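Report on the following structure.
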Amino acid sequence: MNRPNRAPHWLSRLALLLTLLITPWSAGAQAGSCSAVACVAAGPRLLSVDSQRSVILNGLFQGLLGGGSLTLSAADWNAIANADVNLGLFLDALTAGAGVGTTGEALNADVTLLQVLDVAAQAAQTSGNTAAVNALNLLRPALSAPNGTIRLGDLLKLEGSSAAFLTSQVNLLNLLTGSVQLFNYRNAVTTPTPVTLNALNVSLSGLGLGVNAVTPTVRVYLQVIEPPVYRCGPQGTQFNTAAIRAKLNVDLGGTQLNVLGLTGGKLTLTTLDLYLEVAKASGTIGTVDAISRALSLDAQPGVAQLGLGQISDSVFFNRSNANPFASLTQAIIGTVDLSVRVTPLLEVPIVLNVRAKAFADGTYPLATVTAAPPYPQTYTVGSSSAAVGTLVGTLLTSLGTPGNLTLELRDPAPLVPTALLTSTISAALSPVLSTLGLVLRPVLETVLMATVDQLLRLLGIGIGEAVFTVGGVGNVCTVTGVVYHDRQPDGARDAESWDGPTTFVNAVTGGRVQASAQVPAGAGTFTLALGEGTYTLPVARTAAAISAGNPAGFVFVNPLNGTRTVTVTAASTSVPEQEFGLFQGDRLSGVVFRDDGRGAGGAAHDVTRQGDETALAARTLTVSGTRAGAAVTRSAVTAADGSYTLYVPGDWTGVTFRSGATATEVVTGVRLNGVAALTGDVSDPALRDYALPTPSGADQTLNAGLTGRVGLTPDRSGRGEAPLTVRYAHTFTPGTTGTVSFATTGGFSGQVFLDSDCDGTVSDAERTAVSSVTVDGSWPRLPDGRLRSCALEVEVTVPAGTAVGTTRATFATASLVWAGRPDVQDLASVTDTTTVTPGAELVKTVENLTRADGVVATAVDALPNERLRYCLNVRNTTPDLLTGVTVSDTLQGVAAYVPGSLTLEGAALTDAADTDAGEIVTRTVTVRLPDLAVGDTRRVCFEVLVP
């Protein structure tokens with residue numbers, strides 16, 4: 001009958017976690033596919049310890065260890081039984097204690113039981129369980145005595161990836177019990193130390209044997225011939241319990257019984273030696289449904305073999321002997337007292353030795369169990385109670401086989417004739433066999449059940465019974481992928497393989513590595529088997545790393561952080577292939593920006609982007625170097641936010657970086673991995689082509705600051721008649737923030753006027769000579785963030801008397817000292833060349849408009865109240881274009897100007913000093929002429945009234 005029971009802590013927790021086990025199964029597993037899996041455990045299970053069990057446990061440990069002394073109380077054993085520790089803590093301590101580097105190596109290391117005890121105590125101490133630590137210390141004398149080692153990986157079958165179990169909780173008592181069984185299996189080859197069972201009482205009432213009960217003393221010698229293991233996997237995965245050999249020494253204390261059917265016969269039972277081997281119970285996982293969490297199990301109890309008689313300990317406890325029962329021989333199990341009547345008056349007592357051997361082989365049917373959540377659930381197949389009765393019955397049947405039970409005369413009986421003696425012994429055989437059948441059945445059944453209950457079940461063994469705990473059902477997906485050398489790099493795999501150093505792809509969840517795959521040079525492929533959950537998959541340098549670490553000489557390209565995420569659910573049928581592209585060399589990334597301190601909190605020229613300093617987009621950046629003696633370059637264009645990424649191959653030497661500065665810009669500095677290199681000169685070649693470290697597989701962060709250069713354009717030239725004042729129009733571009741000083745040198749004297757509102761014109765109000773100006777946050781800017789250019793005039797004065805043909809150059813300079821960097825100065829200049837030429841020809845004519853006689857001459861007659869028109873005729877008789885020519889005439893005498901009569905080339909001009917070319921101020925007419933080409937003439941006219 002199948003009956004669910006409460007699952008023991010260690011089995012349930014370990015088995016439940018086994019749903020994450022990466023089992024190297026082959027059936028049904030394909031790259032990228034998913035398989036439903038179940039975890040089934042069989043082995044130690046002990047929920048509590050009473051005083052009787054504590055005695056048995058002391059003896060059991062002593063027996064399996066081959067001796068020693070244990071006196072732990074029930075409270076001590078319960079402190080251990082109730083202690084659960086994190087398996088990760090335990091394995092971490094085991095790794096350190098074994099002096100190895102990984103959990104897998106620790107599980108495969110040879111360790112002593114004392115080391116296991118110390119590791120368990122350390123894990124318990126870390127968990128804060130002082131009671132368990134104190135109880136464990138009581139085991140030190142017993143566990144330090146035996147010589148020999150174990151490998152915990154033989155007990156904890158954490159196949160494929162031991163790291164998948166790090167979040168499990170392990171029950172300490174079950175861990176120790178399993179370890180002791182494993183120790184016995186690996187090391188105990190001699191006769192074990194016996195374990196005495198608790199007192200037994202066997203009822204014989206109603207059998208007519210003259211005795212109502214017997215109280216045999218039973219000592220058990222145990223040997224583990226196959227340790228327990230635990231399995232997890234898909235359909236078809238097999239699991240099994242331990243296998244045990246036990247020699248049972250049953251002392252019946254000389255119990256005397258009536259021999260039924262034999263008048264006066266007395267049967268005295270002394271000692272029975274029973275030999276029991278219970279093979280491993282095994283099973284197979286059947287159908288598994290990850291979504292419903294249901295599964296079926298095919299389970300079969302192990303074969304039980306029972307012998308009565310005698311087998312040499314050197315044979316029975318020799319594990320290499322697969323069938324020690326072949327050496328079973330008769331043993332004396334008691335005596336029969338009889339009286340033989342030789343004559344009517346002579347009755348002679350005789351004693352017969354009872355020699356017996358018998359063998360029973362019990363096999364048990366396969367059964368199917370259907371399991372359903374919630375888990376863990378414990379299921380029992382078969383029954384020891386039923387199996388023991390059948391096994392004993394078979395044994396007793398074997399006892400009746402001719403030759404298995406014999407009676408022999410213990411002492412000589414010379415008074416009894418041989419023929420009579422022979423017939424008497426022969427006649428006694430059948431009654432003795434019948435009597436033995438009656439008495440041995442309850443005795444053997446009681447002894448065997450007591451052995452199962454008191455000892456074997458502490459080790460997870462039953463006769464004709466298999467008990468398994470289903471820890472959980474889940475889905476495991478085979479996650480495949482590839483690590484490749486992305487040579488372009490373009491983030492895509494183009495038949496590229498992995499030629500880098502050995503690396504690892506780890507599966508991490510809960511802050512721990514749950515699985516790891518090694519990726520050597522070659523194809524670069526890897527496979528991980530992952531249970532349900534969400535995992536990060538970092539490419540790492542070690543199997544224990546929980547975050548990405550680029551292999552030596554390489555940087556991550558796809559993905560940039562070297563980590564991908566996968567999720568396995570109950571419904572998952574496959575997981576996409578995971579690709580990791582890496583580039584051999586350096587990745588250079590950063591931002592290029594205008595380093596002019598724009599905005600609140602901004603500081604200029606420090607290569608730290610602050611305030612509203614503008615990112616520079618669409619800038620072409622280059623790295624240059626040498627490969628195999630040839631010049632090589634790579635380039636990248638900055639994005640809208642000024643960012644860029646450049647990859648520098650690892651086989652380049654002499655690598656330099658150029659930040660994309662234009663001819664009107666200067667590099668303020670670069671900041672490589674947080675360390676700034678600031679320019680000391682606007683033409684610093686070390687920053688224009690900045691030397692980079694030799695590529696080594698590093699992520700380099702390089703930010704570059706650019707700023708504009710001060711500008712003053714264009715050069716100008718002019719000609720005129722001395723005395724002469726010429727204003728040369730220029731464009732001034734500050735470039736960046738700081739203090740600008742203006743100066744003129746050489747040639748004719750000059751002064752500078754600045755368009756202070758940057759509207760493109762130097763107005764009369766702005767014609768105040770400037771020698772310096774501060775360019776700061778208030779300076780107007782263009783929409784792209786650059787400082788706006790402004791108009792600037794250089795006024796050159798040619799004194800009277802300067803000889804015709806004199807040519808002189810006036811140099812105007814704008815000298816900028818950078819804000820925050822008084823050591824850096826930028827300079828711009830223009831040259832204004834002025835030539836003294838013969839003046840333009842000016843002819844003044846007059847016409848009397850009142851008389852209308854049409855006479856135009858240099859002088860005319862006029863009477864009072866007559867109107868005169870004066871015209872100033874200017875003709876360019878020089879060989880050059882004349883610019884900036886102004887004519888003026890001051891009215892003489894008493895003639896009065898006629899308002900509104902001023903014209904230029906016949907077009908009226910206003911009298912006021914406004915935006916047109918002419919005005920009359922205090923009887924002086926002034927008109928500014930347009931440029932005069934060689935030979936051109938311009939006419940300015942106005943009228944007066946003679947009083």
Side-chain angles (χ1 to χ4, degrees), residues 52-53 56 59-60 63 192 194-204 207 213-225 241-253 255 269-281 301-311 316 324-325 328 331 333-334 356-364 380-400 404 436-467:
Q52 288 189 327
R53 272 187 169 172
I56 292 296
L60 177 61
V195 181
T196 301
L197 298 184
N198 293 323
L200 302 180
N201 185 284
V202 182
S203 174
L204 300 179
L207 298 180
V214 293
T215 56
T217 298
V218 181
R219 294 193 302 171
V220 182
Y221 303 78
L222 288 175
Q223 183 185 60
V224 179
I225 58 174
T241 68
I244 296 291
R245 280 181 186 169
K247 174 184 175 182
L248 284 68
N249 181 264
V250 183
D251 184 355
L252 293 173
T255 299
L269 292 179
T270 54
T271 301
L272 307 177
D273 281 335
L274 300 175
Y275 299 89
L276 175 67
E277 179 173 312
V278 182
K280 64 183 180 183
V303 171
Q305 294 179 299
L306 178 65
L308 170 65
Q310 183 174 356
I311 303 175
F316 187 70
F325 293 98
L328 180 68
I333 64 172
K357 76 170 183 176
F359 174 72
D361 192 346
T363 58
Y364 309 99
T380 301
V381 173
S383 167
S384 289
S385 297
V388 164
T390 302
L391 190 65
V392 169
T394 303
L395 185 78
L396 294 178
T397 299
S398 171
L399 186 63
N404 282 357
L436 284 174
L438 288 176
V439 69
L440 288 183
R441 179 176 292 276
V443 169
L444 295 182
E445 288 180 355
T446 300
V447 167
L448 290 178
M449 283 306 303
T451 303
V452 169
D453 288 338
Q454 294 186 37
L455 281 182
L456 298 186
R457 280 184 176 150
L458 296 178
L459 305 177
I461 306 299
I463 298 175
E465 180 180 275
V467 181

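Please read all numbers here as calculations on a predicted model, not as lab measurements.
Between Phe359 and Phe325, the ring planes are tilted. Angles from 30° to 60° get that label.
When all heavy atoms of Ile461 and Ala243 are compared, the pair lying nearest together is CD1-N, 4.4 Å. In plain terms, the two heavy atoms of Leu200 and Ala450 that are nearest each other are CD2-CB, 3.5 Å. Between Val392 and Arg441, the closest heavy-atom pair is CG1-CA, 3.9 Å. Counting all heavy atoms, side chain and backbone alike, Leu197 lies closest to Val447 at CD1-O, 4.5 Å. Closest non-hydrogen pair, Pro301 versus Gly464, comes out as CB-C, 3.5 Å. Between Gln310 and Ala331, the closest heavy-atom pair is CB-CB, 3.8 Å.
We find the OG-CD1 distance between Ser383 and Ile463 to be 11.0 Å, quoted to the nearest 0.5 Å. The NZ atom of Lys280 sits 10.0 Å away from the CD1 atom of Ile225 when rounded to the nearest 0.5 Å. A distance of 8.0 Å separates CG of Leu248 from CG of Leu222, quoted to the nearest 0.5 Å. The distance from atom CG of Leu444 to atom CG of Leu272, rounded to the nearest 0.5 Å, is 6.5 Å. Separation of atoms CG (Leu306) and CG (Leu448) is listed at 5.5 Å; rounding is to 0.5 Å. A distance of 9.5 Å separates CG in Asn404 from CG in Leu308, rounded to the nearest 0.5 Å.
Counting heavy atoms from C-beta outward, Leu276 and Leu456 have side chains that approach closer than 4.5 Å. At least one side-chain heavy atom of Leu252 sits less than 4.5 Å from a side-chain heavy atom of Val250. Taking the side chain as every heavy atom from C-beta outward, Pro194 and Asn249 never approach each other to under 4.5 Å. You'll find the side chain of Leu436 reaches within 4.5 Å of the side chain of Leu269, heavy atoms only.
Although no hydrogens or angles enter the test, the distance criterion places a donor-acceptor pair under 3.5 Å between the side chain of Arg245 and the main chain of Phe316. Judged by distance alone, the side chain of Thr380 and the main-chain N or O of Val467 form no donor-acceptor pair under 3.5 Å. Between the side chain of Thr394 and the main chain of Ala360, no donor-acceptor pair closer than 3.5 Å is present. Without hydrogens or angle criteria, Tyr364 side chain to Val303 main chain gives no donor-acceptor distance under 3.5 Å. A distance-only check finds no donor-acceptor pair linking the side chain of Glu277 to the backbone of Ile244 [under 3.5 Å]. In this structure, Thr446 contributes its side chain and Val202 its backbone to no donor-acceptor pair below 3.5 Å.
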(request) Dump the intermediate steps for side chain to side chain contact (heavy atoms under 4.5 Å, CB included) on Ile311 and Asp273, then the final yes or no. (result) CA-CA 9 Å; Ile311 303 175; Asp273 281 335; over 6 Å; no
(message) Between Val443 and Val214, is the side chain to side chain contact (heavy atoms under 4.5 Å, CB included) condition met? List the steps.
(response) CA-CA 8 Å; Val443 169; Val214 293; 4.0 Å; yes
(request) Evaluate the criterion side chain to side chain contact (heavy atoms under 4.5 Å, CB included) for residue pair Leu455 and Val195; output intermediate values, then yes/no. (result) CA-CA 9 Å; Leu455 281 182; Val195 181; 3.8 Å; yes
(message) Set out, in order, the CA-CA distance, both residues' side-chain angles and the distance that settles side chain to side chain contact (heavy atoms under 4.5 Å, CB included) for Ile56 and Leu458, then state yes or no.
(response) CA-CA 9 Å; Ile56 292 296; Leu458 296 178; 3.7 Å; yes
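A salt bridge is defined here as a Lys NZ or Arg NE, NH1 or NH2 lying under 4.0 Å from an Asp or Glu carboxylate O, and Arg457 with Glu465 meets this definition.
Both cation-pi conditions hold for Lys247 and Tyr221: the charged atom is under 6.0 angstrom from the six-membered ring centre and inside a 45 degree cone around its axis.
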